[in-house]
Novice: 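Structure in structure tokens, see below.
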Amino acid sequence: MPPLLRLRDPTALLPSHSHLRALHAHLLVSGRLAAFLASLASSNHLLPYARLVLPRRPATLLAHNALLRALARGPRPGLAFAAFRDLPLPPDHYSLNFLVRAAAALAASAAEERPAVCAARLQAVSAHGAAVRWGHAADPHVQSGVLSMYAALGDVAAARAAFAEIACPDVVCVTAMVGALAAGGDVDAARGLFDGMPQRDHVAWNAMIAGYVHVGRSREALRLFDEMLSAGTTVGEATLVSVLTACAQIGALDRGKWVHWYVRSRGMQMSVKLGTALVDMYSKCGAVVTAMEVFESMAERNVYTWTSAVSGLAMNGMGVECLQLFKRMVSAGIQPNGVSFVAVLGGCSIAGLVDEGRACFDSMVKYGVDPWPEHYGCMVDLYGRAGRLDDAINFINAMSMEPHEGVWGALLNASRIHNRVDLGEYALDKLLAIESENDAAHVLLSNIYAESQNWKGVSRVRGMMKAKGVKKVPGWSTIEVDGKVHEFFAGSKSHPRYSEIELMLAEMNRRLRLQGYTANTREVLFDIEEEEKEGAISLHSEKLALAFGLIALPEDVEIRIVKNLRVCRDCHDYTKLISKVFNREIVMRDRNRFHHFKGGECSCRDYW
DNA sequence: CTAGGGTTAG
């Protein structure tokens with residue numbers, strides 16, 4: 001019998017019921033039932049068995065707690081509540097800890113479906129109430145659990161209230177609170193709490209770093225990571241994952257490479273999460289080849305890893321390879337999920353693989369994935385981008401759900417690409433009925449009018465925006481020099497080396513004029529005087545970043561720029577020419593994809 | 001037998 005206990009997978013015991021019975025007897029006699037049950041946490045096959053066996057004597061609280069723990073961490077955490085109710089003994093702080101964790105897991109799995117959230121809320125309140133009733137609400141483990149439970153529900157106010165009740169919160173509780181505040185979007189409050197912590201360990205640092213990443217304040221995340229290093233705190237894998245995510249967001253390739261080097265130099269084992277974060281970081285920094293090398297070298301990969309790689313290829317304009325990798329993923333036995341399909345459909349779309357994309361979409365049901373609104377948007381983009389606008393419209397008309405804003409947005413973008421003013425107006429109408437304040441949509445329609453020199457249309461859109469108070473999101477661009485990320489806003493002169501940048505801009509314009517370049521002002525939002533327009537677009541943030549890159553980076557280094565919005569046509573033309581005239585490789589990441597400029601050409605073939 | 005932080009799209 002003892003050898004059986006050492007089996008990794010308890011389900012290996014399943015074939016014979018008599019075997020189970022014997023094992024059970026043995027466990028009861030040896031008093032090791034609890035330990036056995038605890039080992040079942042990872043296997044849901046034997047949970048029914050455990051639940052059947054446990055109500056019989058001798059019932060130690062230890063064994064019941066082990067069951068609670070297994071249920072809380074299992075696929076149906078709600079079962080822990082029934083088990084808790086049926087406890088034959090008064091619960092201790094362990095029982096309550098597991099109950100609260102179960103409520104947290106329930107909240108996390110409720111996603112955003114209203115009924116599930118309501119149910120989870122009720123369970124959370126009842127778990128919290130039980131902790132108070134049984135006198136374990138002051139247990140530190142229970143307290144941190146209650147905090148993360150409310151955080152998982154997205155109820156920051158409740159988390160705050162619970163935190164206020166804690167007489168002297170320990171590091172763990174404060175860290176949980178930092179996480180709750182950050183998850184609720186109030187990173188500054190989280191930072192205040194973090195700064196006031198008497199001592200911080202690496203988990204606390206990471207909670208704060210991840211909080212910044214979560215709200216898109218990655219530069220601050222990286223700055224905090226620098227402080228963490230100077231503070232001499234041990235850096236764990238989780239922190240490196242957060243840092244890589246920050247690098248991915250702002251395209252900080254040098255910092256990302258540094259993390260990769262750090263991992264190797266410390267001989268850290270490459271876990272799935274770390275590897276996935278690396279693949280993601282390299283992809284989002286435009287270094288697809290390296291991303292794929294990391295991907296191929298990984299010993300273990302999951303859906304996240306594969307999806308990250310598929311999406312990386314799509315982003316970088318490698319649609320054919322993207323589809324190939326997706327097929328490889330399926331043959332490797334990995335179940336694609338909704339995100340995987342968004343990624344592969346995007347790859348098909350940029351490569352113009354209409355039929356292949358359609359086949360992917362049709363295959364979704366086979367993998368048990370119900371199409372989301374996003375997938376319909378991808379399909380409209382697939383047809384629309386390829387110029388098959390009638391198919392796009394037929395597809396929309398045949399949809400089983402009400403088209404959401406993404407669908408109309410895709411149609412609007414297709415109208416822009418194929419110069420279809422009528423369709424563009426139609427799509428914007430529909431879009432505004434859903435999202436009347438969508439700034440990007442207004443800008444897109446305005447650009448469609450501008451492309452066809454319809455200045456009346458342009459000013460009408462401008463009037464609409466003004467009337468509704470819709471403002472264009474300010475554009476920014478970043479560029480990394482010596483591991484430091486520099487940020488530029490349109491027209492801003494605040495950079496310390498601005499005078500040099502201004503000189504370089506003049507030089508760029510001079511050399512471009514010699515090549516016969518005149519600013520393409522068609523896509524400018526407002527109908528203003530020609531000269532003013534030229535002035536306005538010459539200061540788009542990517543041009544500032546480009547000028548700074550030419551000054552600050554050695555000649556044999558590619559210039560890498562990250563932008564928060566879509567590149568406008570003028571900046572795209574401009575950058576193509578710069579790549580030729582200055583003989584530099586330029587990689588520009590915009591909102592949706594990468595542009596690799598070289599010798600006057602762009603990898604997107606002017607199609608974005 | 002317990003706790004806090006981390007991975008894919010838009």
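In what follows, every chain begins at residue 1, and chains take the letters A, B, ... in the order their sequences are listed. This is a predicted model, so every value here is computed, not measured.
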Novice: For A:R593 and B:dG10, is the shortest distance between a side-chain N/O and OP1 or OP2 below 4.0 Å?
Specialist: no

Novice: Of the nucleotides B:dA9, B:dG5, B:dA3, which has the atom closest to the A:N206 side chain?
Specialist: B:dG5

Novice: Does any donor-acceptor pair link the side chain of A:T276 with the base of B:dT7 at a separation under 3.5 Å?
Specialist: yes

Novice: Please confirm whether the shortest side-chain N or O distance from A:R101 to OP1 or OP2 of B:dA3 is below 4.0 Å.
Specialist: no

Novice: Between the base of B:dG10 and the side chain of A:N592, is there any donor-acceptor pair under 3.5 Å?
Specialist: no

Novice: For the residue pair A:T276 / A:T305, report whether a side-chain donor-acceptor contact shorter than 3.5 Å exists.
Specialist: yes

Novice: Classify the ring geometry of A:H136 against A:H93: parallel below 30°, tilted from 30° to 60°, perpendicular beyond 60°.
Specialist: tilted

Novice: Would you call A:K273 and A:D280 a salt bridge, using N to O less than 4.0 angstrom?
Specialist: no

Novice: Using whole Å, what does the distance between atom P of nucleotide B:dT7 and atom CZ of A:F295 come to?
Specialist: 19 Å

Novice: Looking only at the side chain of A:A204 (C-beta and beyond, no hydrogens), which of the listed nucleotides B:dT8, B:dG4, B:dT2 gets closest?
Specialist: B:dG4

Novice: Under the criterion of centre distance below 5.5 Å and interplanar angle below 30°, is A:Y304 classified as stacked on the base of B:dT8?
Specialist: no

Novice: Decide yes or no, distance alone: a donor-acceptor N/O pair under 3.5 angstrom between the base of B:dG4 and the side-chain of A:T175.
Specialist: yes

Novice: Using a 5.5 Å cut-off between ring centres and planes within 30 degrees, is A:Y94 stacked on the base of B:dC1?
Specialist: yes

Novice: Under a 4.0 Å threshold between the charged nitrogen and the carboxylate oxygen, would A:R191 count as salt-bridged to A:D186?
Specialist: no

Novice: Of the options B:dA9, B:dA3, B:dG6, whose atoms approach the side-chain atoms of A:D170 most closely?
Specialist: B:dA3

Novice: Checking contacts here: which listed nucleotide (B:dG4, B:dA9, B:dT2) is nearest the side-chain heavy atoms of A:V171?
Specialist: B:dG4

Novice: How is A:D280 classified with respect to the nucleic acid when contacts are heavy atoms under 4.0 Å: base, sugar-phosphate, or nothing?
Specialist: sugar-phosphate

